[in-house]
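Beneath this line is the structure, given in structure tokens, with notes to follow.
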Amino acid sequence: MNTISNIQKELHTSLVNGRLAHAYMIIGSPRGSGLRLAEQMIKMLFCQTTDAKCVGCQYCRRIDQRIHPDVTWLEPQSKSRKISTDEVCQATKKIYQTAFEGGWKVVVLVHADRLQPQAANALLKTLEEPPDTTVLILVTEVAHALLPTIASRCQKINLLEETQDPPVWREGILGLFRKGWPQSPLENSTYVAQLRSILESQKQALKDEMEAQSDPEEEPKIKDGKLHARYLETRSEIVKTFFTWQRDILLGTLGIDQSLHHSEDLEQIRIQSQQATYSKVLERIKRLEELVRRLERNLPETLVFEQAFR
Ligand SMILES: [Zn+2]
């Protein structure tokens, strides 16, 4: 995963060419990758080390310690979980003053989605007419929670999108769909067994991923809870694709093969819709709806699947 380092290279090129934007919105974790990239961007502006890797010059150290006089950090207050208008005004005022070190001035908003509407308006003024050598960095995980007027004035760096691989389960599930809806008890049991094994490997993948990222001190109970929540999330994403596949077939029975979810499987959709009827596919969709209700009631997974694909 060298996404962040690629982004850094691009930013460095913009800096060298004098084309750095005045405002960036980093869409990524304000505790993890988003925050790290913000710190690296700031270091890039202030670091005095000319060779590739700085091991901690006085400027970088000050940034790490958050005591650099030309870098203002805004974070939600622990109590209200909001970034207030006052804080924004104080920070932007500093932007219009001369930099202590004579160079860049930076304001970083961590959890920028927690800006109060009035605070956002105060920020907007600066975003509209930013003084030279000023960079505003907004870090958020939920870009859509920001006012569009703010978002549109920022250059976006989407870490969430960049680091997203196609989910582990996708190919397996599509393989299952291509087999068609089970037509006999035997087909039903192989179908369900295959689905179970996809879900199991997904569970394992989530577990590995979380283990690699998690805090070793964290209580096993909490870890298990988080894992279970992630698993349920993924399971419902998987179930959603059952609907999209059947929807495509339903359209197929009407002779429609445009704007399909699974257009990459057009041939298979055509074959399956020729083998089914409109009402048969509707019946399947009803079964899937029932499946969702049963899973929500925490009924045993295997049983729920067996009944749905009978
Ligand atoms: Zn440095």
Side-chain angles (χ1 to χ4, degrees), residues 3 27 143-144 158 160-210 227-310:
T3 325
I27 306 162
H144 61 83
N158 196 338
L160 301 181
E161 212 170 60
E162 300 283 347
T163 51
Q164 223 165 46
D165 293 322
V168 181
W169 49 266
R170 191 164 168 92
E171 256 323 291
I173 283 292
L174 288 175
L176 195 64
F177 292 167
R178 289 176 197 130
K179 287 182 158 186
W181 195 275
Q183 301 293 332
S184 67
L186 180 65
E187 276 182 27
N188 172 292
S189 59
T190 32
Y191 195 87
V192 171
Q194 208 173 328
L195 175 57
R196 296 263 340 141
S197 107
I198 294 166
L199 290 169
E200 276 312 312
S201 31
Q202 180 59 40
K203 206 182 267 178
Q204 191 56 47
L206 286 175
K207 201 173 176 184
D208 295 344
E209 187 192 313
M210 288 181 80
L227 176 64
H228 189 61
R230 287 274 313 266
Y231 172 68
L232 293 187
E233 238 169 67
T234 312
R235 190 181 67 186
S236 87
E237 271 171 50
I238 293 176
V239 170
K240 255 185 232 159
T241 60
F242 277 88
F243 281 97
T244 54
W245 184 270
Q246 292 304 324
R247 171 201 168 271
D248 283 358
I249 294 177
L250 190 70
L251 289 178
T253 63
L254 297 171
I256 301 167
D257 59 11
Q258 254 142 48
S259 56
L260 299 182
H261 283 278
H262 302 275
S263 49
E264 73 281 4
D265 271 307
L266 182 62
E267 208 38 50
Q268 203 34 246
I269 300 278
R270 274 189 187 142
I271 295 169
Q272 290 189 22
S273 46
Q274 275 158 15
Q275 288 164 348
T277 59
Y278 184 82
S279 62
K280 224 176 194 174
V281 184
L282 265 192
E283 170 64 29
R284 289 179 196 164
I285 292 174
K286 272 185 204 148
R287 286 215 192 168
L288 290 173
E289 282 164 352
E290 182 63 22
L291 174 144
V292 171
R293 277 193 291 274
R294 289 183 171 183
L295 288 178
E296 273 167 5
R297 276 160 52 208
N298 287 323
L299 294 174
E301 215 177 58
T302 309
L303 185 73
V304 173
F305 291 141
E306 277 168 357
Q307 287 173 341
F309 301 110
R310 249 179 317 146

Residue pair Lys280, Glu283: steps toward the salt bridge (Lys or Arg N to Asp or Glu O under 4.0 Å) verdict: CA-CA 5 Å; Lys280 224 176 194 174; Glu283 170 64 29; over 6 Å; no
Option among Arg287, Arg293, Lys286 that satisfies the side chain to side chain donor-acceptor pair (under 3.5 Å) test with Glu290: Arg293
Results of side chain to side chain contact (heavy atoms under 4.5 Å, CB included) for Val192 - residues two or more places apart only: Asn188, Arg196, Thr302, Phe305, Glu306, Phe309
Test: Lys203 and Glu301 ion pair at under 4.0 Å: no
Salt bridge (Lys or Arg N to Asp or Glu O under 4.0 Å) between Lys207 and Glu200, worked out: CA-CA 11 Å; Lys207 201 173 176 184; Glu200 276 312 312; over 6 Å; no
Heavy-atom donor-acceptor pair, Arg310 side chain to Gln307 backbone, under 3.5 Å: yes
Heavy-atom check, side chain of Thr234 versus side chain of Trp169, under 4.5 Å: yes
Residues forming a side chain to side chain contact (heavy atoms under 4.5 Å, CB included) with His228, sequence neighbours excluded: Leu232
side-chain contact (heavy atoms from CB on, under 4.5 Å) assessment of Thr244 paired with Thr241: CA-CA 5 Å; Thr244 54; Thr241 60; 4.0 Å; yes
Residues Glu171 and Arg178 bridged, charged N to O under 4.0 Å: yes
Reference residue Arg284; test side chain to side chain contact (heavy atoms under 4.5 Å, CB included); the match among Trp181, Phe243, Trp245, Phe242: Trp181
Candidate list Gln194, Glu187, Gln272, Gln268, test side chain to side chain contact (heavy atoms under 4.5 Å, CB included), partner Lys179, passing option: Gln194
CD/Gln258: more than 12 non-hydrogen atoms of other groups inside 6.0 Å: no
Test side-chain contact (heavy atoms from CB on, under 4.5 Å) applied to Thr277 and Leu282, step by step: CA-CA 9 Å; Thr277 59; Leu282 265 192; over 6 Å; no
Short side-chain to backbone donor-acceptor contact, Ser201 and Ser197, under 3.5 Å: yes
